[in-house]
Amino acid sequence: MTSQASDQESSGKPPTARSTPAREGFPFTDDGAGNGSRPSDDRGRHIPADIELKWQRRWEESGIYRAKDHVEGKKNWFALTMFPYPSGDVHIGHWYAYAPGDAHARFMRMAGYNVMHPQGFDAFGLPAENAAIQRGTHPRQWTLANVENMRRQFRLMGNSYDWDREIVTCTPEYYRWNQYFFLKFMEAGLAYRKAGPANWCPSCNTTLANEQVKDGKCERCETAVTKRDLPQWFFRITKYADELLQMDEIEWPEKIKLMQRNWIGKSEGVTVHFDVSAFIPFAPSYVATFTTRIDTVFGVTFVVLAPEHPLVEKLTQPAQRKAVHEYIENARRQSEIERTSTEREKTGVATGAYAVNPLNGERVPVLVGDYVLATYGTGAVMGVPAHDERDFAFAKKYGLPIRVVVAPPGWSGGELDAAYVEPGTQVNSGEFNGLPSKDGMQRMAEKVEREGWGSRTTTYHLRDWLISRQRYWGTPIPVIYCDPCGTVPVPVVDLPVLLPEKAEFRPTGQSPLTLDPTFVNVKCPKCGRAAKRETDTMDTFMDSSWYHLRFTSAHDRERPFSLDSAGAWAPVHQYMGGAEHAVMHLLYSRFFSKALRDLGYVKFDEPYKRLFNQGLLIKDHKKISKRSNPLNPEPVVEQYGADTLRLYLMFLGPWDQGGDWSDAGIRGVSRWLIRVWDLVQSGYPSPQPTPKGPASMEGGDKGGVSGADRDTTRASHMTTKRVVTDMREFRFNTAISALMEFTNKLSETQAAGGVSKPVWDDAMDRLVLLLAPLAPHTAEELWERRSHAYSVHQQALPVWDESLVAADTVTIVIQVNGKLRSQVVLPAGVSEAEAIASALADAVVQRHMEGREIVRKIYVPNRLVNVVVK
RNA sequence: GCCGGGGUGGCGAAAUGGCAGACGCAGCGGGCUUAAAACUCGCAUCCCGCAAGGGAGUGAGAGUUCAAAUCUCUCCCCCGGCACCA
């Protein structure tokens with residue numbers, strides 16, 4: 001430790017003004033942080049505040065992270081971390097989301113790629129509007145102040161963003177292209193307007209975005225969300241349902257793919273028509289039901305309609321009218337949580353009408369029940385209590401018959417205690433009796449189609465994307481309503497439709513834009529007569545659906561992006577972000593890619609080729625948030641520095657599994673980084689072995705190369721291999737462990753001496769280079785202090801030689817009957833015979849074999865011998 | 001209920017068929033210090049033993065194997081997602 005102090009003295013500099021000697025006190029806690037007058041080449045101490053600011057400035061001035069579309073001899077790599085919503089609440093979770101992504105981007109840059117790593121802000125959204133209501137600031141003011149704060153945080157992190165490409169979605173330069181794409185989608189029939197239910201919070205008296213409904217409740221006031229019918233704009237995402245299921249070419253976590261598959265919810269079945277012409281004299285005279293179990297159709301004992309089903313009114317007989325109306329009223333009043341609770345008892349009411357099962361000609365009662373969803377399938381189901389759990393419960397409650405038509409194996413013909421939903425043998429099914437239900441399903445489907453009773457149908461859980469929002473802080477939908485001309489798109493040349501600056505945010509339940517007559521009243525672009533603008537704004541997921549493409553042409557005034565630039569960078573090579581966006585953003589964005597491809601804007605199918613999901617950072621078993629569990633990064637940065645914080649967040653554990661923050665743990669990586677700092681600057685150790693003795697050195701001198709040299713070289717190459725392979729796969733925690741082991745080893749070597757200068761220098765350079773993506777400021781400073789040319793971040797990663805990684809000797813474990821008994825050190829690549837001979841010669845092993853017969857000997861090369869005795 | 005992910009020392013975690021607990025935190029002991037902090041060296045899964053050594057051990061239980069944290073089956077617990085999708 002004295003080497004720094006003596007260096008400082010011998011350098012002839014006057015002692016610094018500090019009263020404490022170097023290394024005393026925890027380095028970052030005292031007087032110093034942020035003292036600009038201190039010379040930044042203070043040798044002895046690692047002072048993050050100085051070097052971090054210094055390099056952040058230098059990186060910006062020299063523009064080393066600015067990406068060019070093409071660089072001779074390099075492949076492009078588009079590294080993107082999901083851009084943030086600029087909430088006022090910047091916490092350490094943001095660092096956890098962004099710093100490892102930056103480390104990986106830096107790693108890829110050093111791995112020889114032409115990397116673009118941009119950043120922007122998802123700046124439209126409800127919180128800004130809520131803040132406006134609460135504190136009387138304009139959403140723009142609140143948002144832009146937060147953007148400024150987050151930019152500062154990103155700079156503090158030392159992230160290698162190309163700030164020239166920054167995008168802020170609430171600017172007209174960005175959102176005009178949302179409007180542009182909306183119009184293109186309209187032209188292509190991908191955008192349409194129809195009345196549809198929106199999530200409605202009765203307490204806030206406003207609609208909510210889907211992402212603001214959690215467990216059926218309003219996020220802010222926890223009021224149960226209901227539905228309200230409004231004319232709304234939709235994107236026809238269902239057109240791509242099948243293609244969206246196709247995910248072979250994207251390298252995403254299986255979990256996310258599965259979530260998307262579940263969300264799309266493709267299900268193949270049969271639509272069967274139940275005749276009701278006896279009750280409705282005019283067409284349509286049947287109730288269409290959707291089933292995936294046509295094999296159970298002979299077991300239908302009733303038909304249930306959703307309360308919202310259009311035929312309910314027509315089918316209800318006079319005697320039942322009152323009861324049915326009451327039932328529907330009651331259902332309507334229920335919240336979505338109540339309606340969809342699986343716990344709830346199933347209820348229903350008879351309409352008095354009957355429907356005819358086309359397969360067997362039976363008349364079965366038609367009921368209304370709110371366990372049937374109006375929005376799925378045909379909004380009506382055939383009730384098969386014997387083979388569907390819900391129908392079973394419903395039939396039990398109302399005493400409806402239960403008829404078995406798919407017999408369980410060994411069925412005695414008796415009553416069932418519960419619905420039997422597995423395959424079986426057809427019974428009570430007319431001509432299909434005796435068939436396995438699997439075949440029955442085929443044959444019955446064929447018959448239904450042949451007889452014209454219905455058809456094979458595929459349904460999806462996925463709905464078209466409702467993009468209308470009754471809010472102010474979003475992209476105005478560029479449409480004008482004119483009495484004679486109808487719905488008229490705003491001509492592209494008139495874009496952008498600017499969001500009016502002044503707005504009222506009274507919670508009236510109406511879109512705030514309706515309150516601005518200068519916005520609403522407009523001349524029809526077609527006929528010139530007085531007309532009115534659409535006053536809803538777009539869902540903010542519109543912004544994030546294509547922002548990655550805007551990064552490729554951030555400043556293009558003529559187009560959203562150019563085909564060339566998009567082609568140079570997209571699809572994003574590595575996308576990173578939380579799993580909370582698994583379905584919404586990631587699905588919308590995939591839809592957008594396919595739509596843009598069909599419209600000729602891009603030439604690929606998918607937005608994000610590889611996806612990595614980081615886990616959640618928690619503290620004391622709770623999520624970190626401003627309100628309940630705050631953890632502000634800035635005091636941590638002040639105390640330890642950004643590099644230490646970055647390292648600690650990556651060291652916590654595997655990035656995809658999330659991490660548990662502890663205030664104490666960070667001191668470990670802090671100490672380590674200081675040790676690295678000291679080690680790299682401590683100078684070349686003695687070429688002669690010191691009396692401290694190299695106990696750990698193996699092999700001694702060989703061919704003029706000292707044991708210390710071979711040992712150090714091996715450590716250098718092994719560490720290079722470990723760090724590079726770990727970093728590639730986002731295993732930051734084990735990469736850092738490998739570097740820690742390397743520094744521990746080098747500290748020993750330094751104390752022991754006996755290493756030659758080229759070997760030592762090579763080790764030092766590797767250490768700094770491998771550290772660079774993880775702790776970019778410290779590595780940059782050390783690189784400079786080792787008299788290398790700027791910048792360490794423009795260097796290539798070190799390479800390793802596999803032959804130098806392998807050890808000369810190996811420790812072979814000896815087991816007797818699978819139990820560890822001894823070990824021997826032998827030359828690497830020792831033959832099986834030799835290894836076994838050494839094992840059998842071992843005294844401890846002999847003791848355990850005494851008086852027993854050897855039945856088997858197992859040798860795992862360079863690892864283990866297992867002697868099996870009896 | 002269904003679908004994922006997970007359960008390893010006091011703590012964060014390594015190890016994905018071959019030495020369980022690398023690396024680090026916290027802890028204990030030594031050095032340095034008037035002292036403390038910092039730094040540094042060492043010890044550390046548990047049990048028996050002065051030690052040498054032995055035994056047990058990766059949520060529980062069974063199985064496969066010369067060998068299982070790792071593979072198979074049954075069950076328990078935690079986290080996340082979906083949830084009357086006919």
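All figures in this text were calculated on a predicted structure; none of them were measured in a lab. Order of the sequence lines sets the chain letters (A, B, ...), proteins ahead of strands, with each chain counted from 1.
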Looking across every strand, which nucleic acid part, if any, lies under 4.0 Å from Q657(A) by heavy atom: base, sugar-phosphate, or nothing?
nothing
Just checking L373(A): base, sugar-phosphate only, or nothing, at a heavy-atom cut-off of under 4.0 Å?
base
For I736(A) and A22(B), give me the distance from atom CD1 to atom P, rounded to whole Å.
18 Å
Please classify the nucleic acid contact of V384(A) as base, sugar-phosphate, or nothing, using heavy-atom distances under 4.0 Å.
nothing
Pick out the pairs of N or O atoms, protein on one side and nucleotides 49-53 of chain B on the other, that lie under 3.5 Å.
unit_1, atom_1, unit_2, atom_2, d
G53(B), O3', R847(A), NH2, 3.4

Side chain of L820(A) only, please: which of A20(B), A14(B), A86(B) is the nearest?
A20(B)
Whole angstrom value for the distance that separates P of G24(B) from CG of L739(A):
12 Å
Within the pair R671(A) and C39(B), is there a side-chain N or O less than 4.0 Å away from OP1 or OP2?
yes
Verify whether one side chain among W677(A) and T778(A) offers a donor that lies under 3.5 Å from an acceptor in the other.
no
Return the value, rounded to whole Å, for the distance between atom CH2 of W655(A) and atom P of A13(B).
17 Å
Does a side-chain N or O from R261(A) land closer than 4.0 Å to OP1 or OP2 of G4(B), or not?
no
For a quick check of understanding: with a heavy-atom distance under 4.0 Å over all strands, which category does F651(A) fall into, base, sugar-phosphate or nothing?
base
K819(A) side chain: which of A56(B), C23(B), A86(B) is closest?
A56(B)
So what does T734(A) hit on the nucleic acid, given a heavy-atom distance under 4.0 Å: a base, only sugar-phosphate, or nothing?
sugar-phosphate
For N866(A), answer base if it contacts any base atom (sugar-phosphate contacts may also be present), sugar-phosphate if it contacts only those atoms, and nothing otherwise; contact means non-hydrogen atoms under 4.0 Å.
base
According to the Watson-Crick and G-U wobble definitions, with both distances under 3.5 Å, which nucleotide is paired to G80(B)?
C3(B)
Counting side-chain heavy atoms from C-beta on, which of A86(B), A83(B), A14(B) comes nearest to T291(A)?
A86(B)
Which part of the nucleic acid, if any, lies within contact of L258(A), taking any heavy atom under 4.0 Å across all strands shown: a base, the sugar-phosphate backbone alone, or nothing?
sugar-phosphate
With a 4.0 Å heavy-atom cut-off, tell me which residues in residues 854-863 of chain A come close to RNA chain B, sorted by residue number.
R856(A), I858(A), V860(A), R863(A)
Between A26(B), C19(B), A86(B), which one does the side chain of Q823(A) approach most closely?
C19(B)
Can you name the nearest heavy-atom pair linking P307(A) to G369(A), along with the distance?
CD-O, 3.5 Å
G24(B) OP1/OP2 closer than 4.0 Å to side-chain N/O of S737(A)
no
